[in-house]
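Working notes, structure below.
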Amino acid sequence: LLKKTKIPENIIKRGLVSLGSFLKPMEDLLNQLKPPENGWRDDQIKFFLEILAHMDSNNDPSSFQIGEREGRISTPLLYDLTAGFIHGVGRSGNIKAPQPKATGGSIVNNITDRLVTFFLKEMGLENIRGSIVVPLSTGMSLMLAIKGIVNKYKLDLNTDQNEIIFPRIDHKSPIKAIDLTGKIRITVDTITGHEYIADLSSKLEKSKIKEYQIDVLKMYQAELEFVRKFGLDSVYVPVGNIKEKINKKTLAIVSTTTFFPPRAPDNVKEIAKIAKKHNLIHIINNAYGVQSRNIMKLIRGAIDAGRVDAIIQSTDKNFLTPIGGTIISAPDKLNLNHIAEAYAGRGSAAPVLHLLVSLLSLGINGYMNYVKIQEENRILLENELRKIANQIGEKVLDVNNPIACMMTLSTLNNEKKIERLGGFLYNLRVTGPRVVNSKINKFGPCTDNYPYPYIVMNSAIGVKREDILGAVSQLKKAFKQLDIK
Ligand SMILES: Cc1ncc(COP(=O)(O)O)c(C=O)c1O
């Protein structure tokens, strides 16, 4: 076609080379349906999305649109804010079904699931068979996943099987999610690592006199190892306490991998074994665990060892997107289908689109670089906190959390001072630390009698070295202010 322009062939050829290299990543993506090694430029992402958006019926100027919902908008600003994907994603029968009015939106919906699964596998979760990205919070997705799996097994919601076991985490989102299913939440309480070790050691000691079965002994050893790995000052839900809650009414277990210390990850491998043995649904809340290879390894082990029906993870906490989406993964594709069918209504394309943009922009190498920086910054945070702890007579607690660190506030033996520390940090423009007075705040430490007041700081994916150095230096300043006032 370009020959008609009469521009010399060699010049046209040269132009096509530039155009080819601009378009090549898009061709590769559609050919291979896997993420790029290196991230795309923003102009490439924009171009790709524009082409896809033009496949949606709201962008077909010659169509006659007489439905009640035709992607009509009051101002072009809304077009810009949605990148043209006004029809959203899915159909009311299935959030992942191709939408006839939105070919482009359906392509976005489909390829994002494939790409993100690739990232999760790259982080170590090789034994999942797929993922779906849904425009819902982590909590709402947890509820959706439970409902989808209940539907899969055609379990009647009115039967006596109406209890969901919830190893305690002090967060309202999963608590409300379980309550929304209409089931009864059975919370299993935690103990500290010190108590857990003492209990396991005494059991192992007794085994010298009493004959334990070899598999029971092996489990105690595995639990002991788990506690040593995640630290003595962490709090845990002992596997035995979960078992004790199981009865004929039990329907499911909702375990958690990532939370603020002192809460340690759940021993998802042992929980998966229990779920398999007792034929229970097992959903793992892996809210921000994708960024950690250690956490992903725990989940991989759980899938291999027992039963895991679905894994829930936030888009924003793991993939640097605005808040709004969740990635639900599973070792069985059928599970994902049932979960997608349980979603009521069509959904906003925004959370899916945001994730696609982030994945294309990062590429595998870009993401892995963020992971590496997160790991380095986690070490930096601990070292910096240790320095200040030594200066002010506090200690960094033994909670081997891959994202966060925790320091005692024992010298602030006055309750008002602990409260004021949070306020000072806020005014010193530090966002995200958790200052907890465990004597007063019973909802937070995930245990009723945590021995220390404490502060938690996070070094999650995307945190910069300057954030850590700045926050720790402001913490020092806040301590000084407390001394003066
Ligand atoms: C373990 C856990 N579950 C759920 C949530 C809540 O996520 P969302 O607000 O997306 O429901 C968080 C963090 O806020 C979390 O740490």
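As the structure lists them, so they are numbered: ligands from 1, and atoms in each ligand from 1. For clarity, every value in this text was computed on a predicted model and none was experimentally measured.
- Take Ser329 and apply the side-chain hydrogen bond (donor to acceptor under 3.5 Å, both in side chains) test, not counting sequence neighbours, and it matches Ser131, Gln313.
- The immediate protein surroundings of ligand 1, defined as residues with any heavy atom under 4.0 Å of it, consist of Ser137, Thr138, Gly139, Ile169, His171, Ser173, Pro174, Thr256, Thr258, Phe259, Asn285, Ala287, Tyr288, Lys317.
- The closest side-chain donor-acceptor pair between Lys101 and Asn58, if any, does not fall under 3.5 angstrom.
- Residues passing the salt bridge (Lys or Arg N to Asp or Glu O under 4.0 Å) test with Lys317, sequence neighbours excluded: none.
- For Lys442, the side-chain hydrogen bond (donor to acceptor under 3.5 Å, both in side chains) test picks out no residue, with sequence neighbours left out.
- The side-chain tip of Arg168 does not point at the ring of Phe259 from less than 6.0 angstrom away and within 45° of straight on.
- By the 30° and 60° cut-offs, the orientation of the rings of Tyr450 relative to Tyr454 is perpendicular.
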